[in-house]
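Comments concern the structure below.
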Amino acid sequence: MKYLKIKEIGDVISGSTPKTEKKEYWDGEINWVTPKELGQLHEKYLTDTERKITEEGFKSCSTRLIPPGNILFTSRAPIGHLAINNIEVCTNQGFKSIILKKDYASEYVYYALKRSVKKLQDLGTGSTFKELSKSKFEEFTIPVPSLPDQLHIANLLSKAENLIAQRKESIRLLDEFLKSTFLEMFGDFTKNEKKWDKVELKYFGEIVTGNTPPRNNAENYSSDFIEWIKTDNIPVDDTYITKAVEFLSESGLRYARTVEAGALLVACIAGSIQSVGRAALTNRKVSFNQQINAIQPNEEIEPLYLYWLFKISRKYIQDAASNGMKKILTKGGFEKIKMIKPPLSLQTQFAQIVEKTEALKTQYQQSLQELENLYGSLSQKAFSGELTTKAQEQKVVIPIKQEAKIIQTELTKQQAFLRKLMLASHIAYELCEEPTFGHTKLMKLLYLCEQAGGMALQTNYKKFAAGPFDGKTLTLIDKEFEKNKWFTIEKKTFLVNDQQREATVYKKTDKSLLYKKYFNNYFESEAKTINRIIELFRKEKTQTAEIVATLYFAWKELKAEKTIISDNALIEGFYKFHPEKKKFTPEQIMTGYKYMQTNELYPQSV
DNA sequence: AAACACTGGTGGAGTGGCAA
DNA sequence: TTGCCACTCCACCAGTGTTT
């Protein structure tokens with residue numbers, strides 16, 4: 001591993017801005033980028049620019065074209081935004097871009113610089129604005145291994161980075177989920193389709209406006225007796241207020257207004273209308289300033305419901321604000337805002353969903369934290385030269401794979417199929433010597449394993465006569481079995497009630513066990529569930545598997561519709577599944593139902 | 001290339017008038 | 001006397017363009 005100066009790996013170039021008052025310089029064909037735009041970029045690559053300049057504009061100033069595949073790095077306002085340009089682009093004067101020599105991979109340099117952003121910021125000079133000079137940037141050194149190792153490191157880091165991005169997306173989706181659950185339960189409240197009571201906010205609880213105890217008496221602020229909340233402490237995304245920066249003393253508290261835990265603090269005076277209506281709950285007693293109105297809910301209001309009500313109707317709340325230089329939601333106006341007030345029991349139900357989702361979110365955030373730590377240590381290793389040999393590569397790859405398991409929803413189709421194939425191999429390997437085992441049982445068990453194991457293998461189960469069935473997958477699985485010689489497949493025909501039926505018989509080969517390694521790798525955490533299901537159905541008739549799988553499907557549908565699970569609802573769902581299902585009696589279905597209950601094999605709650 | 005200047009946004013807090 | 005309201009000023013900061 002060598003250490004090279006930036007100027008040794010490429011040419012550092014600056015940019016410039018064509019005169020903005022000259023119209024003929026703007027709206028041309030040449031991409032032109034500013035630091036602000038790079039800051040808003042949420043990925044590694046720049047693929048377009050907001051502003052374009054003309055050929056004339058380009059010639060009028062000293063900006064230069066950077067060919068695709070190089071590094072854009074901002075040297076001021078602020079220092080440290082970076083990207084790889086996928087397009088030909090020029091920049092304003094806030095950049096020190098690098099046009100790389102051929103032995104250096106842009107992706108690698110990207111990650112190396114990203115890791116050094118803090119150091120580079122510290123190299124900045126100037127009083128009004130920190131700015132990184134060209135010479136300092138050129139002299140800055142980064143570790144540089146051989147080109148293959150550069151690519152290898154960039155590849156690893158980008159994998160880790162993708163996992164982080166996916167995890168963040170999952171967290172965002174949880175919020176989406178809550179939003180849609182709210183709308184589903186309470187409807188679009190501006191239309192009030194569900195005809196709830198719609199009452200003024202003052203009937204939701206006590207409305208309290210905050211204040212600032214006299215500043216000229218230092219004693220009011222002389223000790224940390226109680227937190228004094230400002231609008232800064234009301235986060236955009238979190239449910240609860242953050243820790244206050246300023247505190248009031250006991251004497252300060254005498255002049256102040258307070259609320260208890262469970263109150264909603266709402267920003268009512270703000271610099272811009274966007275901030276008006278921002279709200280968060282308290283989980284402790286606090287005081288707060290006059291920019292904030294609080295609602296201390298009465299016994300008919302669930303705080304979490306109130307929080308989401310505000311979150312969803314932000315725009316409606318903002319409309320109630322006055323139109324002065326500052327947008328103000330006055331106490332009087334605030335109290336008069338009309339909001340829907342559904343029965344407490346429904347609010348509580350919603351609050352429970354919120355709590356569960358939040359718990360999941362906490363888990364996700366922890367996993368995100370772990371991924372970020374992983375990225376940190378990976379990047380630390382990469383740039384200290386520990387990742388350049390094959391041996392160490394494996395050490396690092398393993399944790400990524402384990403983490404990847406958490407994010408099964410993001411499997412590609414091909415990955416999903418591969419997993420399914422391994423699962424099918426395992427089931428077939430275990431059961432192929434049983435006389436009852438064939439196509440139908442394989443499919444039913446695949447279905448049940450996928451469901452009970454909570455795997456998202458993207459199988460497209462449809463309602464077929466014999467239960468949940470995905471014919472395409474089954475054909476593909478058979479094909480792979482034969483191609484790899486993992487199993488031989490024979491068709492046997494026989495007569496049932498004068499009807500010709502076909503049965504599929506799988507037979508092991510000496511290559512059958514080859515699947516095992518993959519299976520163990522993919523289903524480490526689900527293996528227990530899978531084997532339990534296999535043993536459960538080993539000696540059962542295909543018919544039992546069929547009934548259970550169909551019931552499972554119907555059960556899941558009922559849950560999705562939020563219908564209460566009852567004997568009748570299940571039987572009805574079962575028959576609705578397919579006309580052929582009439583061949584089973586309600587007694588048989590109920591036996592299946594009992595079987596599922598005793599064996600704890602049914603859709604679990606969200 | 002570096003320093004400087006301008007624009008515009010944002011949040012915090014004080015003030016005076018008014019009404020209960 | 002107290003609380004409310006509308007407004008104003010202040011401090012600070014990010015971002016950008018121009019001048020030295």
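As the structure is a computational prediction, the values presented were derived from the model and not from experiment. No hydrogens, no waters, no symmetry mates; every other heavy atom, side chains included, goes into these values.
Using a 4.0 Å heavy-atom distance criterion, A:S14 is classed as a sugar-phosphate-only contact. Within 4.0 Å of A:D232, counting heavy atoms only, lie sugar-phosphate atoms of the nucleic acid but no base atom. A:G332 comes within 4.0 angstrom of the backbone, heavy atoms only, and of no base. The residue A:E37 sits apart from the nucleic acid: no heavy atom pair falls under 4.0 Å.
Rounded to an integer number of Å, the gap from A:Y25 OH to C:dT18 P is 12 Å. Following rounding to the nearest Å, A:I234 (CD1) and B:dG11 (P) show an atom-to-atom distance of 11 Å. Summarising the geometry, the separation between CG on A:N92 and P on C:dA14 is reported as 17 Å, rounded to the nearest angstrom.
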Show the numbers, then the answer: is there a side-chain contact (heavy atoms from CB on, under 4.5 Å) between A:V12 and A:I6? CA-CA 8 Å; A:V12 175; A:I6 299 286; 3.7 Å; yes
Checking A:I30 against A:T54 for the side-chain contact (heavy atoms from CB on, under 4.5 Å) test, could you report, in this order, the C-alpha distance in whole Å, the side-chain angles of both residues, the deciding distance, and whether it holds? CA-CA 6 Å; A:I30 301 169; A:T54 59; over 6 Å; no
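One axis for each end of the helix from B:dA1-C:dT20 to B:dA20-C:dT1, each built from five base pairs, and the angle between them comes to 20° at 10° resolution.
Remark: A:K194 engages A:W196 in a side chain to side chain contact (heavy atoms under 4.5 Å, CB included) (not counting sequence neighbours). With sequence neighbours excluded, no residue satisfies ring-ring contact (aromatic ring centres under 6.0 Å, His included) with A:F225.
Picking from C:dC4, B:dA2, C:dT18 the nucleotide with the shortest atom distance to the side chain of A:S133 gives B:dA2.
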